[in-house]
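Comments concern the structure below.
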Amino acid sequence: MKSRKRVRQRREQWLDEWDVIAADVTAYAPLDQAALEGMCYAGDPAVTASGAPTTPGITVAAGPDVPFGSRIWAAGAMRTVQDRGGRIGPGSLDICVATRAEALRFGRQR
């Protein structure tokens with residue numbers, strides 16, 4: 001009985017640590033050879049705004065309301081906010097993917 005109670009308390013504590021929001025999610029591919037400076041990236045496409053390496057499948061660009069290093073669950077995977085974008089504001093996320101074709105297939109999701 002004590003074990004169940006402890007498990008329930010840990011689960012509730014864990015859930016309290018997460019914020020759930022709805023966001024518009026798009027994808028970008030700064031490392032693709034067809035990437036366009038100013039549209040797909042600014043500066044060095046291999047380095048994010050936080051200074052971390054750009055990593056498809058992990059890196060997410062978010063607005064300034066989401067701190068660098070925030071771990072988020074988006075589009076079926078755990079990712080890390082490491083980048084910013086000129087067109088990304090509150091309630092928007094941009095997931096880094098490997099190719100421009102993949103980004104176009106991803107489209108815009110909520």
Side-chain angles (χ1 to χ4, degrees):
M1 202 61 142
K2 274 186 172 182
S3 177
R4 280 187 179 173
K5 185 176 180 179
R6 198 170 341 135
V7 168
R8 255 187 257 122
Q9 287 173 335
R10 289 181 72 193
R11 183 183 63 210
E12 292 300 319
Q13 180 184 14
W14 184 81
L15 289 172
D16 286 342
E17 293 175 10
W18 291 89
D19 291 328
V20 177
I21 63 166
D24 289 320
V25 184
T26 54
Y28 72 118
L31 302 177
D32 189 308
Q33 289 181 341
L36 303 172
E37 186 170 8
M39 184 173 137
C40 304
Y41 65 91
D44 183 348
V47 180
T48 65
S50 69
T54 303
T55 309
I58 299 294
T59 298
V60 172
D65 58 319
V66 183
F68 287 138
S70 295
R71 304 274 296 151
I72 62 167
W73 180 264
M78 188 61 76
R79 303 166 193 277
T80 304
V81 175
Q82 299 172 318
D83 213 355
R84 299 284 184 234
R87 296 181 184 164
I88 302 169
S92 296
L93 301 170
D94 209 6
I95 295 171
C96 181
V97 295
T99 67
R100 218 167 145 215
E102 187 179 351
L104 293 172
R105 273 193 309 274
F106 187 87
R108 179 179 300 271
Q109 301 180 24
R110 185 121 178 111

Side-chain donor/acceptor of Arg84 to backbone N/O of Gly63, under 3.5 Å: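 Yes; judged by distance alone, with no hydrogens or angles, the pair exists.
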
Contacts table for residues 68-76: side-chain donor-acceptor under 3.5 angstrom, sequence neighbours left out:
from	atom 1	to	atom 2	distance (Å)
Ser70	OG	Pro67	O	2.8
Arg71	NH1	Thr80	OG1	2.8

Nearest heavy atoms of Ala62 and Val81, plus distance in Å: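 For Ala62 versus Val81, the nearest heavy atoms are CB-CG1, 3.8 Å.
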
Looking only at non-hydrogen atoms, find the nearest pair between Ala35 and Pro30 and report the distance. CB-O, 3.6 Å

Using the side chain to side chain donor-acceptor pair (under 3.5 Å) rule, collect all pairs that involve [range], keeping only residues at least two apart or in two chains.
range	answer
residues 45-66	Thr48-Ser50, Thr59-Gln82
residues 86-101	Thr26-Asp94
residues 28-42	Tyr28-Asp83

What pairs with Arg110 under salt bridge (charged side-chain N to carboxylate O under 4.0 Å, His left out), at least two apart in sequence or on another chain? Asp24

Are Val25 and Val97 connected in a single hydrophobic cluster, I mean Ile/Leu/Val/Met/Phe/Trp/Tyr linked by side-chain heavy atoms less than 4.5 Å apart? yes

Are Ile58 and Val47 linked, directly or through intermediate hydrophobic residues, by side-chain heavy-atom contacts shorter than 4.5 Å (ILVMFWY only)? no

Which residues satisfy the side chain to side chain donor-acceptor pair (under 3.5 Å) test with Arg8, sequence neighbours excluded?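 Here no residue qualifies.
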
What is the distance from atom SG of Cys96 to atom CG of Leu31, rounded to the nearest 0.5 Å?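 Rounded to the nearest 0.5 Å, the SG-CG separation comes out at 5.5 Å.
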
